[in-house]
Q: 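The following block contains the structure, expressed as structure tokens.
Here the structure is a predicted model, which means the values were calculated and not measured.
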Amino acid sequence: MASSLFKQQYATLCFLLTVWIVSQCLLTKGANGFACNWGTRSTHPLTPEIVVRLMKDNGFNKVKLFEADPGALKALGKSGIQVMVGIPNDMLDSLASNVNAAIAWVTQNVSTYISKNGVDIRYVAVGNEAFLKTYNGRFVNATFPAIQNIQAALIKAGLGRQVKVTTPLNADVYQSENGLPSGGNFRPDIQDQMINIIKFLRQNGGPLTFNIYPFLSMDADPNFPKEFAFFDGSAPPVVDGSITYTNVFDANFDTLVSALDKNGFGSMPIIIGEVGWPTDGSANANTKNAQRFNQGLFDRIVKRQGTPKRSTPPDIYVFGLIDEDAKSIEPGPFERHWGVFSFDGSIKYPLNLGAGKSLVGAKGVKYLPKQWCVMSNQANPMDPSFADSISKACTYADCTSLSPGASCGNLDPKGNASYAFNMYYQTMDQRKDACNFNGLSAITTINPSPPQGTCKFEIMIDLGKHENKSTTSFAASMKGTCSMVMLVFSFMLAVLVSTSA
């Protein structure tokens with residue numbers, strides 16, 4: 001009797017263990033995961049292999065690249081991550097005027113990586129917000145012909161069914177005639193181009209891609225109702241006929257849906273190409289707001305929640321994965337701080353990813369020595385070279401955290417100088433001559449970060465000491481892990497059957 005009971009208990013344990021192992025294997029393949037944007041404008045980037053591992057560890061199984069970065073694409077080979085590869089706006093004119101240029105681009109950046117590296121490229125994103133008002137029509141006439149030529153090139157390469165064309169557009173391509181989502185329509189100045197693009201994409205099975213930024217809506221307008229920017233906000237709802245809107249994301253998305261409906265494209269598939277919240281660079285860009293917004297966003301993704309006009313949720317590419325300290329700050333200092341993770345892949349704030357999972361930081365990151373360049377105790381802010389020294393440092397390094405309202409915006413003059421000197425010193429890989437500001441600076445091994453608040457004096461990544469496992473070994477290890485799991489599963493199943501007999 002005891003022996004029989006033991007066998008039953010052992011069989012139950014084996015069964016539960018095999019189920020758990022198989023579920024872990026399936027999770028590594030990224031089923032029902034998240035999507036993100038991977039920008040590469042960094043002075044000290046993580047190795048692509050570390051970034052791919054970071055994505056997989058956090059359940060991202062789709063990624064959008066803004067350009068065909070060779071290192072990123074090679075690392076994504078055989079990773080199980082679906083890729084949208086972008087074409088920058090400065091290439092649109094050449095691609096629009098010459099189909100052979102499009103063929104060459106597809107051959108080099110799509111066909112080769114699919115066939116030789118096993119990259120799962122699903123989309124080519126032609127241009128990025130090419131119809132943005134601030135571009136003053138610079139790319140309007142080139143975008144559609146470039147889309148047509150890239151589509152022709154994909155067909156010629158035999159990839160017309162496997163890889164679809166899209167073009168990421170900013171939400172400013174549509175507007176509302178009555179201030180409500182139901183009044184949505186495309187801007188009159190680009191109406192014809194929009195209709196032509198949508199028709200062409202629909203004919204070829206490509207989706208529309210749009211970027212929606214509640215942060216920018218709030219940050220640009222002091223009268224914008226702040227609570228309406230968040231998914232859990234307490235702002236008065238916007239009533240549009242029988243529909244009530246409690247957040248700007250739903251209202252903005254459904255304005256687009258109304259525009260599509262009005263023009264006969266009510267079933268056109270939509271991808272959200274960018275949405276997120278920055279953590280620094282302005283008063284509204286902070287970790288508290290970013291955590292609040294992105295937690296609401298991830299909750300929607302996990303629940304597969306749509307909008308009032310579209311119950312089926314779109315794919316949503318979170319912007320962005322990692323901070324980029326060399327990105328243009330023309331839109332604002334916050335542009336370098338959109339990452340869910342810091343520049344080094346460390347966690348900025350906790351997020352619940354569903355199913356009891358939380359964010360996991362990057363593994364294998366190596367840093368420069370723990371030393372900082374600061375303003376020396378003997379230096380005086382009244383020194384004639386003081387202002388020029390700070391200006392020099394911030395010309396070549398990222399000082400956006402010193403912006404008004406930002407994390408280090410309340411430092412005194414010496415603190416401002418120390419922060420600027422250190423950022424330059426770190427950006428220059430702690431070279432000996434990089435902490436030489438006319439006798440105003442000194443190197444310290446004591447962390448100068450203020451004990452209170454969120455201002456942080458960084459230590460940069462050591463580019464020469466990264467763990468740098470090859471893409472092949474990473475992919476092979478994942479494949480090997482799942483193969484081993486299936487062997488263990490088969491063995492335990494055999495044990496289970498024999499003990500139950």
Q: Work out which heavy atom in R300 is nearest to a heavy atom in G306; give both atom names and the distance.
A: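 Heavy atoms of R300 and G306 come nearest at NH2-O, 3.2 Å.
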Q: Using atom types as modelled and distance alone, determine if a side-chain donor or acceptor of R304 lies under 3.5 Å from a backbone N or O of P313.
A: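 A pair under 3.5 Å: no.
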Q: Do you know the tightest heavy-atom contact between T427 and H44?
A: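 Heavy-atom minimum between the residues: O-CE1, 3.0 Å.
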Q: Look at the side chain of D172 and the backbone N and O of K133, then say whether any donor-acceptor pair between them is shorter than 3.5 Å.
A: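 Looks like yes, one N/O pair under 3.5 Å.
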Q: Side chain of D221, backbone of S217: donor and acceptor closer than 3.5 Å?
A: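 No.
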Q: Looking at residues at least two apart in the chain, or sitting in another chain, which of them share a ring-ring contact (aromatic ring centres under 6.0 Å, His included) with F298?
A: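 So F298 forms a ring-ring contact (aromatic ring centres under 6.0 Å, His included) with F34.
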Q: Has the side chain of Q426 got a donor or acceptor atom that lies under 3.5 Å from a matching backbone atom of M460?
A: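 Answer holds: yes.
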Q: Where the side chain of K164 meets the backbone of P207, is there a donor-acceptor pair that is under 3.5 Å apart?
A: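 No, because the side chain of K164 does not come within donor-acceptor range (under 3.5 Å) of the backbone of P207.
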Q: Given the side-chain rings of F139 and F131, with only the six-membered ring counted for Trp, is the space between their centroids under 6.0 Å?
A: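 That pair fails the under 6.0 Å test.
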Q: Looking at N98 and S94, would you say the former's side chain and the latter's main chain have a donor-acceptor pair under 3.5 Å?
A: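 Absent.
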Q: Do the non-hydrogen side-chain atoms of V63 and W38 ever get within less than 4.5 Å of each other?
A: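 V63 vs W38: side chains touch.
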Q: Which heavy atom in I301 sits nearest to a heavy atom in V318, and how many Å separate them?
A: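 Heavy-atom minimum between the residues: CD1-CG2, 4.5 Å.
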Q: Ignoring hydrogens and geometry, is there a side-chain-to-backbone donor-acceptor pair from E227 to S234 under 3.5 Å?
A: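 Checked: pair present.
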Q: Looking just at side-chain N and O atoms, do D299 and N352 make a donor-acceptor pair shorter than 3.5 Å?
A: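 Side-chain D/A pair, D299 to N352: absent.
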Q: Tell me, with the steps shown, if K156 and V106 meet side chain to side chain contact (heavy atoms under 4.5 Å, CB included).
A: CA-CA 10 Å; K156 181 177 176 61; V106 166; over 6 Å; no
Q: Starting from the C-alpha separation in whole Å, work towards a yes-or-no answer on salt bridge (Lys or Arg N to Asp or Glu O under 4.0 Å) for R138 and D90.
A: CA-CA 10 Å; R138 166 72 178 82; D90 59 13; over 6 Å; no
Q: In chain order, what residues pass the ring-ring contact (aromatic ring centres under 6.0 Å, His included) check against F215, with sequence neighbours excluded?
A: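 F215: ring-ring contact (aromatic ring centres under 6.0 Å, His included) contacts with W277, F334, W338.
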Q: May I ask you to test the L201-M268 pair for a side-chain heavy-atom distance under 4.5 Å?
A: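 With C-beta onward as the side chain, the pair touches.
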Q: Would a distance-only check, ignoring hydrogens and angles, find a side-chain to backbone donor-acceptor pair under 3.5 Å from D250 to Y245?
A: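 No, the answer is negative, given that no donor and acceptor are paired below the 3.5 Å cut-off.
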Q: Does N247 use its side chain to pair, donor to acceptor, with the backbone of F249 at less than 3.5 Å?
A: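 Yes; judged by distance alone, with no hydrogens or angles, the pair exists.
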Q: So, for A362 and L54, which heavy atoms are closest and what is the spacing to 0.1 Å?
A: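 Looking at all heavy atoms of both residues, the closest pair is N-CD1, 3.5 Å.
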Q: If you look at every heavy atom in S358 and N58, which pair is closest and at what distance?
A: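 Answer, listing the atom of S358 first, then N58: O-OD1, 4.1 Å.
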Q: Charged N to carboxylate O below 4.0 Å: is that the case for R336 and D398?
A: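 Answer for the salt bridge query: yes.
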Q: Does D280 use its side chain to pair, donor to acceptor, with the backbone of S401 at less than 3.5 Å?
A: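 Checked: no pair found.
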Q: Can you see which heavy atom on K348 is nearest to which on H337, and at what distance?
A: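 Scanning both residues, the minimum pair turns out to be NZ-O, 3.3 Å.
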